[in-house]
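Side-chain atoms are counted along with the backbone in the values below, which use heavy atoms only and exclude waters and symmetry mates. Here is the naming used below: chain letters follow the sequence lines, and residue numbers restart at 1 for every chain. The structure presented is a predicted model; accordingly, all values stated were derived computationally and were not measured.
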Protein chains: 2
Amino acid sequence: MGRPRAFDEATAVASAAALFASRAYDGISVDDLVNHLGVHRNSLYQTFGSKRGLYLRALRWHLDEQVRPALRRNATFDNGLDFLLLAATERAPADPEVATEITRILAEFDEALTAPATSALLGDHLRARLSR
Amino acid sequence: MGRPRAFDEATAVASAAALFASRAYDGISVDDLVNHLGVHRNSLYQTFGSKRGLYLRALRWHLDEQVRPALRRNATFDNGLDFLLLAATERAPADPEVATEITRILAEFDEALTAPATSALLGDHLRARLSR
DNA sequence: CCCGTTGTTGACTGATCGTTCCTAAACTCG
DNA sequence: CGAGTTTAGGAACGATCAGTCAACAACGGG
């Protein structure tokens with residue numbers, strides 16, 4: 001019961017993931033999220049608890065719905081590693097939960113490919129990101 | 001003439017480079033820099049113009065004094081790629097001058113090594129950074 | 001010795017940060 | 001058509017941000 005949500009939670013998480021993949025965590029304000037998602041400030045806090053809560057939800061969604069499926073199918077990642085890359089370099093050192101997620105997914109990369117292949121893949125995507 | 005400086009500019013730049021290598025640009029406040037360098041706020045602004053001015057000075061110092069010498073000697077980089085790595089993933093997309101510096105140094109890497117070797121090197125250091 | 005110049009110092013500015021409060025609106029159930 | 005519950009919406013919070021201002025201190029040259 002109660003008033004129904006005016007936004008789709010899954011859509012909001014996906015949209016947040018796209019935004020978090022584009023700039024550093026501290027470079028994205030809650031106002032930016034509000035504008036980009038079209039969801040009002042209070043709804044975000046009620047649904048996700050905090051900016052960090054939304055970030056973690058978005059990161060896990062990115063890994064579960066974009067990275068892992070591509071890894072299983074041995075498909076290409078296209079731009080689909082940007083969030084992972086940014087989280088690994090910028091956020092993991094500052095947030096233990098992010099570090100845990102990144103460490104886990106990289107272990108899965110090592111298992112599916114090899115450690116050198118994982119490093120090469122990360123390096124390639126880092127460089128590709130510079131040309132975009 | 002005039003009052004002499006109470007701090008060494010080169011030392012301040014090196015110290016700023018160490019700090020900028022540790023966290024994202026927006027995660028480092030001018031107060032952080034003031035505390036870490038032991039140089040007072042106004043002296044930083046008088047000498048470097050702005051936070052971004054100091055960042056660019058520190059990045060160029062890092063590349064000129066730490067990265068390029070090691071690249072010429074074919075030596076190991078140890079932790080000496082952290083600032084480059086962070087600048088490439090986090091700052092280059094937001095700051096054209098940073099992007100220029102990063103593009104240039106990576107071209108030098110490609111020349112000294114090969115493009116795949118550069119990617120592998122970057123990927124390896126990205127992963128090594130996670131375990132520190 | 002005093003004047004011009006440069007550096008130091010700490011208080012201060014408006015803007016923006018993440019987060020919260022409160023009221024109104026939209027729904028379900030009785 | 002209320003009563004109860006959940007969300008939307010906008011205004012507001014204290015904290016912190018990058019950057020500035022004006023008074024004072026330390027030097028060199030005349």
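Taking a pair as Watson-Crick or G-U wobble with both distances under 3.5 Å, the runs of three or more consecutive pairs in DNA chain C are C:1-30 with D:1-30.
Across the protein-nucleic acid pair, D26(A) atom CG and dA15(D) atom P stand 19 Å apart, rounded to whole Å. Here dA11(C) presents its P atom at 13 Å from CG of D31(B), a figure rounded to the nearest Å. The nearest whole Å value for the distance from the CZ atom in F48(A) to the P atom in dT7(D) is 12 Å. In this structure, Q46(B) atom CD and dA22(D) atom P are separated by 15 Å, rounded to whole Å. When the P atom of dT9(C) is taken as reference, atom CG of N35(B) falls 14 Å away, rounded to whole Å. In this structure, the NZ atom of K51(B) is 15 Å from the P atom of dT16(C), given to the nearest Å. With rounding to whole Å, L44(A) atom CG is found 12 Å from dG18(C) atom C1'. Rounded to whole Å, atom P of dT6(D) lies 15 Å from atom CZ of F7(A).
Using a 4.0 Å heavy-atom cutoff across all strands shown, V30(A) reaches at least one base atom of the nucleic acid. L33(B) comes within contact range of no nucleotide atom at all, as no heavy-atom separation falls under 4.0 Å. Among the atoms of the strands shown, only primed sugar atoms or phosphate atoms (P, OP1, OP2) are found under 4.0 Å from some heavy atom of S50(A). Contact annotation for L54(B): no contact, since no heavy-atom pair falls under 4.0 Å across all strands.
No more than 12 heavy atoms of other residues, nucleotides or ligands sit less than 6.0 Å from atom CZ of R73(A). At most 12 non-hydrogen atoms from other residues, nucleotides or ligands lie less than 6.0 angstrom from CD of E111(A).
Both D32(B) and R5(A) sit near DNA chain D, but only R5(A) has its closest nucleotide nearer the 5' end. With DNA chain C read from its 5' end, the first of the two nearest nucleotides for R41(B) and R52(A) is the one closest to R41(B).
The aromatic ring centres of F77(A) and F109(A) sit less than 6.0 Å apart.
Regarding contacts with the backbone of dA8(D), every side-chain N or O of H40(A) stays at 4.0 angstrom or more from both OP1 and OP2. For S29(A), a side-chain nitrogen or oxygen approaches OP1 or OP2 of dC17(C) to under 4.0 Å. The side chain of S43(B) contributes no N or O atom lying less than 4.0 Å from OP1 or OP2 of dG7(C).
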Verdict with reasoning, R23(B) to D32(B), per salt bridge (Lys or Arg N to Asp or Glu O under 4.0 Å): CA-CA 11 Å; R23(B) 297 200 299 269; D32(B) 290 336; 3.1 Å; yes

Stepwise side-chain contact (heavy atoms from CB on, under 4.5 Å) test for T47(A) and V39(A): CA-CA 11 Å; T47(A) 308; V39(A) 176; over 6 Å; no

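Set against dC17(C), dC22(C), dA12(D), the side chain of N42(A) has dC22(C) as its closest nucleotide. Side-chain proximity of Y45(B) to dT8(C), dG19(D), dT19(C): nearest is dG19(D).
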Collect all protein-nucleotide pairs involving nucleotides 27-30 of chain D in which both atoms are nitrogen or oxygen and the distance is under 3.5 Å.
none

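Paired with E97(B) under the rule salt bridge (charged side-chain N to carboxylate O under 4.0 Å, His left out), one option of R91(B), R60(B), R57(B) passes, and it is R60(B).
For the pair K51(B) and Y25(B), the cation-pi criterion (under 6.0 Å, within 45° of the ring axis) is fulfilled.
In this structure, the side chain of H36(A) does not engage the main chain of D31(A) through any donor-acceptor pair within 3.5 Å.
Looking at F83(B) and V67(B), their side chains never come closer than 4.5 Å, going by heavy atoms from C-beta outward.
Linking ILVMFWY residues whenever their side-chain heavy atoms come closer than 4.5 Å, directly or via other members, places F48(B) and L33(B) in the same cluster.
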